[in-house]
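Below is one structure; the comments refer to it alone.
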Amino acid sequence: MNSIRSTLIVYLRRILRAIYALRLRRYPTLRAMLERFSGSKSAAVDLADAIALYEYVIERKPACILELGPGTSTNIICQAIVDIQKGNPNYSPRFLSYEENPEWLRYHEETFVPELRKHVELGALDTSMKKLDGGWAAHYLGLPMLPYDFVFIDGPDFLRHGCQWSCDVLDLADALAEKVLIVFDGREHTAREVWSRLKAKNFSLRRHKFSLCYELKRD
């Protein structure tokens, strides 16, 4: 039964991605960026995920952004910031992005779009794991406790620690902004484990209608 469900989701994603891809014509700067990164060695961002990520920032205009696991996605967020500033020069969010692997961090630095680099504080943090109800979870060490109102989660590599999910959102929960959107790049188990512990704090869980990524939201 699970294999049938997984196959249906794969085909559904293909259909939704094809529909959603039509929106790319609205965003010439994003389209140009994706063409630039089409040969990237890093885990290339899915087209639907890329458009959704760009639109999250364009529509919400977050003041404090956190990304766990940089890559092409980091450039997309920076491009959205720049495009907002074209109409609103006063828009100046704080954007932090963390990588756990120093070698990958060097690669991201080497391939970053130069004119966008100034819009993100990019750094490396060690990771570890901790025991919680239901098992072990991976997490970054030393994440700044700030009032993030947009969080994009594509790290850490919890499988490297022998874990099934990551718990950084729980560590940050008390510092998050009153209105916040948390997006999980895949990581269904992480999204559900986190939501089960945060739904009492007025968070709701849903999936993006095109990318199917899980979103944890409090408005």
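The analysis underlying the following values was restricted to heavy atoms, covering all of them including side chains, and did not include hydrogens, waters or symmetry mates.
Ion pairing of Glu110 with Arg106 is absent here, as no side-chain N (NZ or NE/NH1/NH2) approaches a carboxylate O to less than 4.0 Å. We find that Asp149 and Lys61 are not joined by a salt bridge, their nearest charged nitrogen and carboxylate oxygen being 4.0 Å or further apart.
Note: Phe150 and Tyr56 have tilted aromatic rings, judged against thresholds of 30 and 60 degrees for the angle between ring planes. Between His189 and Trp165, the two ring planes are perpendicular [angle over 60°; tilted spans 30° to 60°].
Remark: side-chain polar atoms of Asp83 are not paired, donor with acceptor, to backbone N or O of Ile58 under 3.5 angstrom. Here the side chain of Thr190 pairs a donor or acceptor atom with the backbone of Ser166 at under 3.5 angstrom. Ser73 places no side-chain N or O within donor-acceptor distance of the main-chain N or O of Pro70, the cut-off being under 3.5 Å. Distance alone, capped at 3.5 Å, places no donor-acceptor pair between the Arg117 side chain and the Pro114 backbone. Not a single donor-acceptor pair under 3.5 Å links the side chain of Glu215 to the backbone N or O of Val183.
Phe95 pairs by the ring-ring contact (aromatic ring centres under 6.0 Å, His included) definition with nothing, not counting sequence neighbours. Remark: Lys118 engages no residue in a side-chain contact (heavy atoms from CB on, under 4.5 Å) (not counting sequence neighbours).
Between the CZ atom in Arg31 and the CD1 atom in Ile51 there is a gap of 10.5 Å [rounded to 0.5 Å].
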